[in-house]
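Notes to accompany the following structure.
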Amino acid sequence: MFADGDRVTLRTVEEEDLEFVQRVRNDPAVRQPLTLNRPANAEQLEEFFENAISSGDGATLIVCRDEEPLGMVALFDEDDVTGTATIAYYLDPDQWGNGYATEAVGLLCEYAFAERRLHKLRAEVIEPNDGSRRVLEKLGFEREGRLRDEKFVRGEHVDIHRFGLLADEWEGV
Amino acid sequence: MPGPVFAEGDSVALHTIEEEDLEFLQRGRNHPEIRRPLTDVDPRNGEQIREYFENSVSDDGDGFGFLVCRSDDEEPVGAVHIPWIRTKHGSGMLMYWVLPEHQGNGYVTEATELILDFAFEERRLAKVYAIVLETNVGSQRVLEKLDFQREGVHRKETFVDGERRDSYRYGLLAEEWLDS
């Protein structure tokens, strides 16, 4: 266990989790909004595990309720000098609608600001992705801009919204 | 010719450390009057200095260091480093030396000011600290002039000139530096 919330916890990603991660990130309901537009086989997941998750840069954590994995949160593109990083998150679609993402991303924000000395977190959400956008707004992220036709999702070019949260705006979990 | 100027003061400037400076750095690091106060006991041969250059100076790590040169004639006089940084905590350790024949001219104070400006204003460090031997009064004066606070004593932490010696730990916070 790495961070403990009311209903969910964040814990480290282990090799045994890759099957779960692979299943969820290949699910169209998850990969399309994240614009993960390539199939990810077990070998590629293994590489991602070795080179990204286990690299020591940033932080990637599994979201759990009790022992059951629900999804993943990640902090990456971290710059220690500017004190900025980008976050991303997804849950197994079976777990949507329960507020788990908000709680898990809140734990990640708390960790980022209180332990990693970050000054600002960034996130990007495609248009439309109301569920994800609501998570950010509930946590106090401000919408900072719109990048027009930046992604290609389900047959069309879509905008992305860029959100940001500053350390002194963060109200804690 | 030293490398390009990175930060310019009145009497000294900080320059990038280049391969051609290794002979000078080696001379400094082995000089008894420099290595003893730095509690650096081991001899450093050319190969070790080269390794240090490859692995510590030329890597993409968080630490940084500069050659200190007199502004008039670009004569190298010493070095100043913040080699170890815990970036998540924003704290870094300061080290410096100037060859004995160039001491007493305020070069260390000025070079340290320049590296502190860089550390706090460009690298977002929150604190810089230094460890100084109890016997090294000159170095303590440099730190005190720059508003470092003495934060503690490391009792009999080191073995110098045949005796166990205390070291003092000094620290300076970003807000103390930026407000002054």
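Naming convention: chains lettered A, B, ... in sequence-line order (proteins, then strands); numbering from 1 in each chain.
- Within 6.0 Å of CG in A/D149 there are more than 12 heavy atoms belonging to other residues, nucleotides or ligands.
- Under the side chain to side chain donor-acceptor pair (under 3.5 Å) criterion, the residue pairs touching residues 31-54 of chain A are A/Q32-A/R154, with sequence neighbours excluded.
- Put simply, A/L34 and A/V153 are part of two different groups of oily side chains (I, L, V, M, F, W, Y) that touch within less than 4.5 Å, one to the next.
- Cluster annotation: A/L165 is connected to A/V105 through the hydrophobic network of ILVMFWY side chains, with a link wherever side-chain heavy atoms come within less than 4.5 Å.
- Hydrophobic clustering of Ile, Leu, Val, Met, Phe, Trp and Tyr side chains at less than 4.5 Å, counting indirect connections, unites A/V173 with A/Y111.
- Distance check, rounded to the nearest 0.5 Å: CZ of B/R124 to NE2 of A/H119 gives 8.0 Å.
- Scanning residues 57-93 of chain A against chain B with a 4.5 Å non-hydrogen threshold yields A/E78, A/D80, A/V81, A/T82, A/G83, sorted by number.
- Summarising the geometry of B/K88 relative to A/R116, their closest heavy-atom pair is CE-NH2, 3.1 Å, with the distance given to 0.1 Å.
- Under the 4.5 Å side-chain heavy-atom criterion for ILVMFWY residues, a single connected hydrophobic cluster contains both B/F6 and B/I82.
- By the criterion of side-chain heavy atoms lying less than 4.5 angstrom apart, applied directly or through intervening Ile, Leu, Val, Met, Phe, Trp or Tyr residues, B/F24 is not grouped with B/V5; the two fall into different hydrophobic clusters.
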